[in-house]
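Residue numbers start from 1 in every chain, and the chains themselves are labelled A, B, ... in the order their sequence lines are given, proteins ahead of strands.
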Number of protein chains: 2
Amino acid sequence: MDKTIIAQRLSEFYMFSELQPAQIEQLVAGTRALDVPRGGTLFNRGDRAHGFYLLLEGQVKLGVISPQGDEKVIGLIQPGQSFGEAVLFLERSFPIYAQAILDAKVLLITRDAIFDILDSDVTVVRRMLAGISARNRQLVNDIESISLQNSTQRLIGYLLQISADSPNPARVQLPASKLTIASMLNITPETLSRVMLRLHNAGLIEVNGKEIVITNVAGLRNFE
Amino acid sequence: MDKTIIAQRLSEFYMFSELQPAQIEQLVAGTRALDVPRGGTLFNRGDRAHGFYLLLEGQVKLGVISPQGDEKVIGLIQPGQSFGEAVLFLERSFPIYAQAILDAKVLLITRDAIFDILDSDVTVVRRMLAGISARNRQLVNDIESISLQNSTQRLIGYLLQISADSPNPARVQLPASKLTIASMLNITPETLSRVMLRLHNAGLIEVNGKEIVITNVAGLRNFE
DNA sequence: TACAGTTATTGATTCGAATCAAGTTTTGAA
DNA sequence: TTCAAAACTTGATTCGAATCAATAACTGTA
C-alpha cells in the first residue's frame, strides 16, 4: 500500500490526529499494511503484542475460547476502529484472539514505531494524550446526546454544530448521504426526512439535497 | 491523611507502580486527600480540571444532566479506579459531574505533579495511554449497546458482564441502587423493574434487593 | 440518454418504553 | 426506635420512533 495513503489514514486516526507531518512520517516507516483473507487470524490469545491495529476495510472479530471449547465474541471491529492499544501500552500478551470475518485491510502500527516516537519527542506524549482525550470527550458528548435528547434535538444540535459560527442565515453542506447522517444521529432515514420536513414547515430551514440553509439560527436553537 | 499512607496508596496504583520512591515523594507533594460525604460533589460540569482523581474508599458516580434536568449516569467508579484523566490534556472543563454515592476518600493528584512525572517516566505515559484507551473502548461499547440493543438485552449484557466468569448459578451484587443502574443502562427505573420481573418469570434470575442470582447463565445469554 | 441501482420521501401501522399515578418497601438519620 | 424520605414496584395510558410499504428522485455509468 502506498506510503502517502498510510500517512493519510494514520493522521485521520484520533490517536495521531494532533501529530505533526514529520512525526507521522516516522510512524509510517514503522507501520505495515496487511491484507488478511476472511477467516485469517491477526493474533491469538497469549501472543505478545507487536503493535496495535487499525482496521481500514473489512471486519474483524475479537473473541475468547473457553476451556470447554465454546467461543465468546467480545467485540466486532469496523473500519476506522483500532484494537490492541491497551494491551500494547501495558506490555502484556493478548487476552483475546482476533480473526477477520471479511477480507480485511489493516494497518499494524508496530510497537517499536510507537515507543520510538514517544521517546524521541517530548511533544508527542502530549499530542497523543490530547488526541485520545479529545476522542474521549466526543464519546461522552455522543452518549449524552443519544441518551438525553430526542431525534429532533439531535438533528438540530448536529446542524448547529456543522454550521458552527456561520452568519444568519447559515448555508451548510451535509458531509455525507442522509442515510449516513441518519445513522450517525441514531435515527432511521425516514425519521430524518420527517424531522427535516417539520423544521422546514416551521420556517427554520430550507433543504435542497445536501445543501441546507438555516434561515433562522436562533429559532432553530430554541425550537420546542 | 498521613503522607506515608498517601505514598503507599499511590505506589499501589497501577499507573505509578513502577515509580521510584523519590518520584512517589514528588507526586505526594502534589497530591491532596479529600473526604467527600455521601451525596457530596467532587466536581461539576464546567469546572476547570485541577488534576485527576484516585478513589480509595466509597463509590463515585459520573454523569451528565440535561437542560430539562434528566440525569444520565456515565460511569460508576470503584475503589482503586481513577477518573478525570482525559480532561487534563485538553484546555477544557469537565463535560461531566462527579458525585460520591457513598462516603468517599479520594486523592486528587494535581495537574502539575502529573505533568512533571509524565516528562520523567515512560511507564506512566504508557499506562495513562492504556487507561484512557480502555475507557474509550468502554464508551464505544456503551454507545453501541444503547444504540443497537433493546432494554432487555442491555440488562442481560450488564448482568453477564458483572457476573463475569462466575460459575453457574452466578451470584452477583448490584454495585449501586437500581435507579443508578437503570440510568447507566439508559432505561427508566420502572422499565428495569419490569424487565427483571420478566427474566425472573422466565426462570433465569432470582432477585433479592441488590443481590441477583443468575440461575441459568446460558439461558440468560440466549434469551429471546 | 437511458436505465439500474441507490438514495430519499411519504403514508399507515405497530411496538417498546416513557410517562403518569398510586401504591409498598427499604433506608438512614434524628 | 421511629418516621420521613428515598427507593422500588405495579398498573394504565400515551408517545416517539421504528417498521413496513410504496413510490419518487437522484447518480453514475454503459
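- A 6.0 Å sphere centred on CZ of Arg45(B) holds more than 12 heavy atoms belonging to other residues, nucleotides or ligands.
- For Asn150(A) and dA18(C), the CG to P distance is 14 Å, given to the nearest whole Å.
- Atom CD1 of Ile187(A) and atom P of dA8(C) are 12 Å apart (whole Å).
- At a threshold of 4.0 Å, the pair Lys105(A)-Asp35(A) counts as salt-bridged, since one of the basic side-chain nitrogens sits closer than that to a carboxylate oxygen.
- Across the helix from dT1(C)-dA30(D) to dA30(C)-dT1(D), the helix axis at one end is tilted relative to the axis at the other end by 50° (nearest 10 degrees, each axis from five pairs).
- The distance between atom CG of Leu102(B) and atom C1' of dA29(C), rounded to the nearest whole Å, is 16 Å.
- Contact annotation for Asp70(B): no contact, since no heavy-atom pair falls under 4.0 Å across all strands.
- Within residues 188-211 of chain B, the residues having any heavy atom under 4.0 Å from DNA chain C are, by residue number, Thr188(B), Glu190(B), Thr191(B), Arg194(B).
- No more than 12 heavy atoms of other residues, nucleotides or ligands sit less than 6.0 Å from atom CZ of Arg92(B).
- The only member of Gln99(A), Gln81(A), Gln78(A) that meets side-chain hydrogen bond (donor to acceptor under 3.5 Å, both in side chains) when paired with Gln59(A) is Gln78(A).
- Using a 4.0 Å cut-off on heavy atoms, none of the residues of residues 176-185 of chain A approach DNA chain D.
- Between Lys72(B) and Glu144(A), no side-chain nitrogen of the basic residue sits less than 4.0 Å from a carboxylate oxygen of the acidic one, so the salt-bridge criterion is not met.
- Straight-line distance from the CG atom of Asn186(A) to the C1' atom of dG16(C): 15 Å, rounded to whole Å.
- Distance CZ (Arg38(B)) to P (dA5(D)): 16 Å, rounded to an integer number of Å.
- A tilted orientation is assigned to the rings of Phe52(A) and Phe13(A), their planes being inclined by 30° to 60°.
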If you apply the rule side-chain hydrogen bond (donor to acceptor under 3.5 Å, both in side chains), what do you find for Ser17(B) with Arg127(B), and how did you get there? CA-CA 10 Å; Ser17(B) 62; Arg127(B) 288 180 185 191; 2.7 Å; yes
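- Atom CD1 of Ile146(B) and atom C1' of dA17(C) are 15 Å apart (whole Å).
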